[in-house]
Amino acid sequence: MGTVGDAEKKPTVVFVLGGPGSGKGTQCANIVEHFGYTHLSAGDLLRAERKSGSENGTMIQDMINEGKIVPSEVTIKLLQKAMQDSGNDKFLIDGFPRNEENRAAFEAVTKIEPAFVLFFDCSEEEMEKRILNRNQGREDDNIETIRKRFKVFLESSLPVVKYYESKGKVQKVDATKSVDEVFEAVKVIFTPKDEKVKHHGCAIL
Ligand SMILES: Nc1ncnc2c1ncn2[C@@H]1O[C@H](COP(=O)(O)OP(=O)(O)OP(=O)(O)O)[C@@H](O)[C@H]1O
Ligand SMILES: Nc1ccn([C@@H]2O[C@H](COP(=O)(O)O)[C@@H](O)[C@H]2O)c(=O)n1
Ligand SMILES: [Mg+2]
């Protein structure tokens, strides 16, 4: 994040969106390893905040258990702090913005526009199967909450993807494929253009 002396330099932010269980966290771990980004999952930050004994803990737990979106003010503060603490200037913001309120508030507060939105497109049937097999002890990984999360995704999160689509900022990946196949597609998106030319051995001099 900006420090004294580079006040003008804004960090690079990629929003990573997709339905519950589409593989956002899995692919972000791969991107971090290969491309030097810091991964910030809004859901993970909220779960950590709840565990920390924060005054917002009960509200966060109730919202997560109902699959509802926590007020932007809370989530944005957690994201800003994590960005500052990281010392990096390239971020994958996973699971955010989840609704129009998230999107507008982040832009207003941070003045940061995403470089692009990485969107993992996956069928509900596949996402449900993946979540039910996840076994990470998440309280919201039960069929009742999963259904509520799917509804919120369709009604509140997809319109955000559409908004960025209208600005030509969405990079869509078929996330129904295997982890390795999805990452192959992701790599193409993150590999700088000049390196793609080098790899294909057809640089125009
Ligand atoms: N392409 C894939 N094929 C099969 N299983 C996958 C794939 N990608 C991820 N998974 C598995 O599916 C489960 C959900 O993946 P992950 O946690 O990355 O999804 P997510 O989009 O971050 O979900 P959430 O929004 O609920 O946090 C995990 O158990 C993961 O190992
Ligand atoms: N911007 C966000 C992101 C997440 N939440 C809440 O956390 C839950 C889990 O999120 P995952 O990305 O880890 O699946 C989600 O269902 C919301 O309740 C949020 O409020 N705002
Ligand atoms: Mg996740």
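Just so it is clear, the model here is predicted, and its values are computed rather than measured. When a ligand or atom number is given, it counts from 1 through the structure's own listing order.
- The cationic group of K90 lies under 6.0 Å from the six-membered ring centre of Y37 and within 45° of the ring axis, placing it in a cation-pi geometry.
- Counting heavy atoms from C-beta outward, F153 and L158 have side chains that approach closer than 4.5 Å.
- For ligand 1, one of its N or O atoms has an N or O atom of K24 under 3.5 Å away.
- Aromatic rings of F119 and F15 (six-membered ring for Trp) have centroids beyond the 6.0 Å cut-off, not under it.
- Set against the non-hydrogen atoms of R149, the atoms of ligand 1 under 4.0 Å away are 26 (O).
- Using a cutoff of 4.0 Å between basic side-chain nitrogens and carboxylate oxygens, K129 and E125 are not scored as salt-bridged.
- At a heavy-atom cutoff of 4.0 Å, ligand 1 is contacted by the side chain of R138 but not by its backbone.
- With respect to the salt-bridge test (charged N to carboxylate O, under 4.0 angstrom), the residues D141 and R149 qualify.
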Measure from every N or O atom of ligand 2 to the protein's N or O atoms and keep only the pairs below 3.5 Å, writing each with atom names and distance to 0.1 Å.
unit_1	atom_1	unit_2	atom_2	d
ligand 2	1 (N)	G95	O	3.0
ligand 2	1 (N)	N102	OD1	3.1
ligand 2	10 (O)	R98	NH2	3.2
ligand 2	12 (O)	R98	NH1	3.1
ligand 2	12 (O)	R98	NH2	3.1
ligand 2	13 (O)	R47	NH1	3.2
ligand 2	13 (O)	R47	NH2	2.9
ligand 2	13 (O)	R138	NH1	3.2
ligand 2	13 (O)	R138	NH2	3.4
ligand 2	14 (O)	R98	NH2	3.4
ligand 2	14 (O)	R138	NH2	2.9
ligand 2	18 (O)	K68	O	2.6
ligand 2	20 (O)	V70	N	2.6

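- A heavy-atom separation below 4.0 Å is found between S178 and ligand 1.
- The ligand atoms of ligand 1 that sit less than 4.0 angstrom from a heavy atom of K177 are 1 (N), 2 (C), 3 (N).
- Note on ligand 1: I131 sits outside its first shell, no heavy atom being nearer than 4.0 Å.
- Annotation: the span from H39 atom NE2 to S86 atom OG amounts to 13.0 Å, rounded to 0.5 Å.
- In this structure, G21 counts as a contact residue of ligand 1, since one of its heavy atoms falls inside 4.0 Å of the ligand.
- Contact annotation for S41 and ligand 1: no heavy atom of the residue comes within less than 4.0 Å of the ligand.
- Taking 4.0 Å as the cut-off, S22 counts as a neighbour of ligand 1 on heavy-atom distance.
- Atoms of ligand 1 found under 4.0 Å from any heavy atom of G23 (numbered from 1 in listed order, with element): 8 (N), 9 (C), 15 (O), 16 (P), 18 (O), 19 (O), 20 (P), 21 (O).
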